[in-house]
Participant: 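What follows is a structure written as structure tokens; I'll ask about it next.
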Number of protein chains: 2
Amino acid sequence: MDQALQSRVPGRDEAQAPAPMFDLIELFFFAYRDFVSDADRLLEDIGFGRAHHRVLHFVNRQPGLMIAELLDILGITKQSLNRVLKELLDTGYVEARPGVTDRRQRLLFPTAKGRRLAMDLSDLQSRRFERALSDLPKDAKVPAIDFLLAMIDPAQRDKVTSLVWGKPREETK
Amino acid sequence: MDQALQSRVPGRDEAQAPAPMFDLIELFFFAYRDFVSDADRLLEDIGFGRAHHRVLHFVNRQPGLMIAELLDILGITKQSLNRVLKELLDTGYVEARPGVTDRRQRLLFPTAKGRRLAMDLSDLQSRRFERALSDLPKDAKVPAIDFLLAMIDPAQRDKVTSLVWGKPREETK
DNA sequence: GAAATATGTCAATATGGCTGACGTAAAAGG
DNA sequence: CCTTTTACGTCAGCCATATTGACATATTTC
């Protein structure tokens, strides 16, 4: 049996089973690990964690976000959000204003300080993408985006794309 | 000012700052979230978490792995590993055998049961990659691998590539 | 025989999640 | 107007995963 041409012989119980893609599985794991580690280092100086980062990020991206929308984006419970959000409010990175047409709502806005931190974090992460893309052929960004998008549950894809590229969020809805 | 052609006007303090790549940042976040969620669902029936998954995965991939090597791959402390590993040993998914040349070592092997679970999990995750790649042009796997690899810290890249593609691990070293 | 190595273990702590239950103010619908 | 629904907050307890620091033990190496 020529190992170079056929590196694997199917056993009896696995007639047609395609071999798992260990390469993609493992690379995705390690790539994501390094990706988040950049921000982690910056955050720990301030005493914040990843949870704070995510909240600040999306509030910065969609100023005027409602609590309910934020919960939906993050996919966590309000109890989980609350501790983290409270710290962001207390330390002046985020501020909440009651909705104009619906005063039950608390619309979240980044402060100047919050915008600065959010941008520093995004810049850090962007730099990793830039370094990565500079190692790759010219227009490697497009297939990267396509790949990541295709990895997302089809049912959620619309929500994500409109979050990423769409609707700049109208004033107070 | 034509919004369609020029959607953003640089302010005074940000003359040359490149805009952060929000698209890649957010897509990477959501894609990874969905990626791990597949395995999570299968694991929770057995009462295992992500930590168990990672340990089982790498033990299955490199049968005979030493504790120290595993710690290095996972990037966690031995105390963190221990509880999780103990559960995998107790429930018969992994077994430990003393090293032949060095009896201090505990070499980790997956049991038949462990191999089956590891494969089920890898198959699940592979199916997501397959679905994703099937949405994309023919050889989209290559740029995806290149992109993920480029995202990993250069200092760690050799370690990762040899883990992913290299050395099938010699018997007892 | 001493030192370095591979591993285990006890204890305390942080973080980021969860469920369940209950409270309150404002809006919406009859 | 009154009831119900909605948007949110809060208390309490629990779980999983990680951390640091200290100490113990067996084995190998020098």
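Hydrogens, waters and symmetry mates are skipped; everything else that's a heavy atom, side chains included, is used. Protein chains get the first letters and strands the later ones, always in sequence-line order, with residue 1 at the start of each. Because the structure is a prediction, the values reported are computed rather than measured.
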Participant: Check every atom of C:dT5, C:dG16, D:dA7 against the side chain of A:Met66 and return the nucleotide holding the closest atom.
Facilitator: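 The nucleotide sitting nearest to the side chain is D:dA7.
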Participant: Sequence neighbours excluded, which residues qualify as side chain to side chain donor-acceptor pair (under 3.5 Å) partners of B:Thr77?
Facilitator: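 Testing B:Thr77 for side chain to side chain donor-acceptor pair (under 3.5 Å), a comparison that skips the adjacent residues, returns B:Ser80.
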Participant: Please report the distance, rounded to the nearest Å, between CD1 in B:Ile46 and P in D:dA16.
Facilitator: 14 Å
Participant: The criterion is ring pair (Phe, Tyr, Trp, His ring centres under 6.0 Å); which residues satisfy it with A:His52, sequence neighbours excluded?
Facilitator: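 A:His52 satisfies ring pair (Phe, Tyr, Trp, His ring centres under 6.0 Å) with A:Phe48 only.
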Participant: Looking at residues 30-41 of chain B, who's got a heavy atom less than 4.0 Å off DNA chain D?
Facilitator: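 Per residue number, the list is empty: none.
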Participant: Can you work out whether B:Asp102 or A:Gly49 has the more 5'-proximal nearest nucleotide on DNA chain C?
Facilitator: B:Asp102
Participant: Between A:His53 and A:Gln125, is there a side-chain heavy-atom distance shorter than 4.5 Å?
Facilitator: yes
Participant: Whole-Å distance between C:dA6 P and B:Leu70 CG?
Facilitator: 15 Å
Participant: Nearest-Å distance, CG (A:Leu71) to C1' (D:dA7)?
Facilitator: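 To the nearest whole Å, that distance equals 10 Å.
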Participant: Give me the atom names and distance for the closest heavy-atom approach of A:Leu149 to A:Thr161.
Facilitator: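 Smallest interatomic distance, heavy atoms only, reads CD1-CG2, 3.7 Å.
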Participant: Among residues 78-86 of chain A, which contact DNA chain C at a heavy-atom distance under 4.0 Å?
Facilitator: A:Gln79, A:Ser80, A:Arg83
Participant: Rounded to the Å, how far apart are A:Glu44 CD and D:dT19 P?
Facilitator: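 Atom-to-atom, A:Glu44 to D:dT19, this comes out as 12 Å.
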Participant: In whole angstrom, what separates A:Glu87's CD from C:dG16's C1'?
Facilitator: 11 Å
Participant: For residues 115-123 of chain A, tabulate all N or O donor-acceptor pairs below 3.5 Å that involve a side-chain atom, not counting sequence neighbours.
Facilitator:
residue: A:Arg115; atom: NH1; partner: A:Pro110; partner atom: O; Å: 3.3
residue: A:Ser122; atom: OG; partner: A:Ala118; partner atom: O; Å: 3.1

Participant: Which atom pair, heavy atoms only, marks the closest approach of A:Leu24 to B:Ala144?
Facilitator: CD2-CB, 4.3 Å
Participant: Give a yes/no on whether any side-chain N or O of B:Arg54 is located under 4.0 angstrom from OP1 or OP2 of D:dA18.
Facilitator: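 It does, given that an N or O in the side chain of B:Arg54 lies less than 4.0 Å from OP1 or OP2 of D:dA18.
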Participant: For DNA chain C, whose closest nucleotide is more 5', that of A:Phe48 or that of B:Ile67?
Facilitator: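 The residue mapped nearer the 5' terminus is B:Ile67.
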Participant: With rounding to the nearest 0.5 Å, note down the distance linking CD1 in A:Ile67 to CG in A:Leu85.
Facilitator: 5.0 Å
Participant: With a 4.5 Å cut-off on side-chain heavy-atom distances among I, L, V, M, F, W and Y, is there a chain of contacts connecting A:Trp165 to B:Phe22?
Facilitator: no
Participant: Where each residue is assigned the nucleotide of DNA chain D containing its nearest heavy atom, which of B:Ile76 and A:Ala68 is assigned the position nearer the 5′ end?
Facilitator: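 Its nearest nucleotide being more 5', the pick is A:Ala68.
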Participant: Quick one: does B:Arg104 reach the base of C:dT7 with a side-chain donor-acceptor pair under 3.5 Å?
Facilitator: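 Such a pair does not exist between side chain and base.
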Participant: Between atom CG in A:Asp72 and atom C1' in D:dT6, what is the gap in whole Å?
Facilitator: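 Distance, rounded to whole Å: 16 Å.
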Participant: From the set C:dA27, D:dT28, C:dA6, return the single nucleotide nearest to any side-chain atom of B:Arg103.
Facilitator: D:dT28
Participant: Which nucleotide, C:dA25, C:dC18, D:dC8, lies nearest any side-chain atom of A:Thr77?
Facilitator: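 Nucleotide nearest to A:Thr77's side chain: C:dC18.
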Participant: So, the side chain of B:Arg157 versus the backbone of B:Ile152: is there a donor-acceptor pair under 3.5 Å, distance only?
Facilitator: yes
Participant: Identify whether any heavy atom of A:Gly47 sits under 4.0 Å from a base atom; if not, whether one sits that close to sugar-phosphate; answer base, sugar-phosphate or nothing.
Facilitator: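 Since no nucleic acid heavy atom lies under 4.0 Å of A:Gly47, the category is nothing.
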Participant: Provide, to the nearest angstrom, the distance between the CG atom belonging to A:Leu43 and the P atom belonging to C:dA14.
Facilitator: 18 Å
Participant: Would you classify B:His52 as touching base, sugar-phosphate or nothing, given that sugar-phosphate means primed atoms plus P, OP1 and OP2, and contacts are heavy atoms under 4.0 Å?
Facilitator: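 Sugar-phosphate contact only - B:His52 comes under 4.0 Å of backbone atoms but never of a base.
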Participant: Could you tell me how far apart B:Leu89 (CG) and C:dT7 (C1') are, to the nearest whole angstrom?
Facilitator: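 Going from CG in B:Leu89 over to C1' in C:dT7 covers 13 Å.
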Participant: Side-chain donor-acceptor pairs under 3.5 Å in residues 26-43 of chain A, sequence neighbours left out?
Facilitator:
residue: A:Glu26; atom: OE1; partner: B:Arg61; partner atom: NH2; Å: 3.1
residue: A:Glu26; atom: OE2; partner: B:His57; partner atom: NE2; Å: 2.7
residue: A:Glu26; atom: OE2; partner: B:Arg61; partner atom: NE; Å: 2.6
residue: A:Arg33; atom: NH2; partner: B:Ile73; partner atom: O; Å: 2.8
residue: A:Arg33; atom: NH2; partner: B:Leu74; partner atom: O; Å: 2.8
residue: A:Asp34; atom: OD2; partner: B:Asp153; partner atom: N; Å: 2.8
residue: A:Ser37; atom: OG; partner: A:Asp34; partner atom: O; Å: 2.8
residue: A:Asp38; atom: OD1; partner: A:Arg41; partner atom: NH2; Å: 3.1
residue: A:Asp38; atom: OD1; partner: A:Arg128; partner atom: NH2; Å: 2.9
residue: A:Asp38; atom: OD2; partner: A:Arg128; partner atom: NE; Å: 2.6
residue: A:Asp38; atom: OD2; partner: A:Arg128; partner atom: NH2; Å: 3.4
residue: A:Asp40; atom: OD1; partner: A:Arg50; partner atom: NE; Å: 3.2
residue: A:Asp40; atom: OD2; partner: A:Arg50; partner atom: NE; Å: 3.0
residue: A:Asp40; atom: OD2; partner: A:Arg50; partner atom: NH2; Å: 2.8

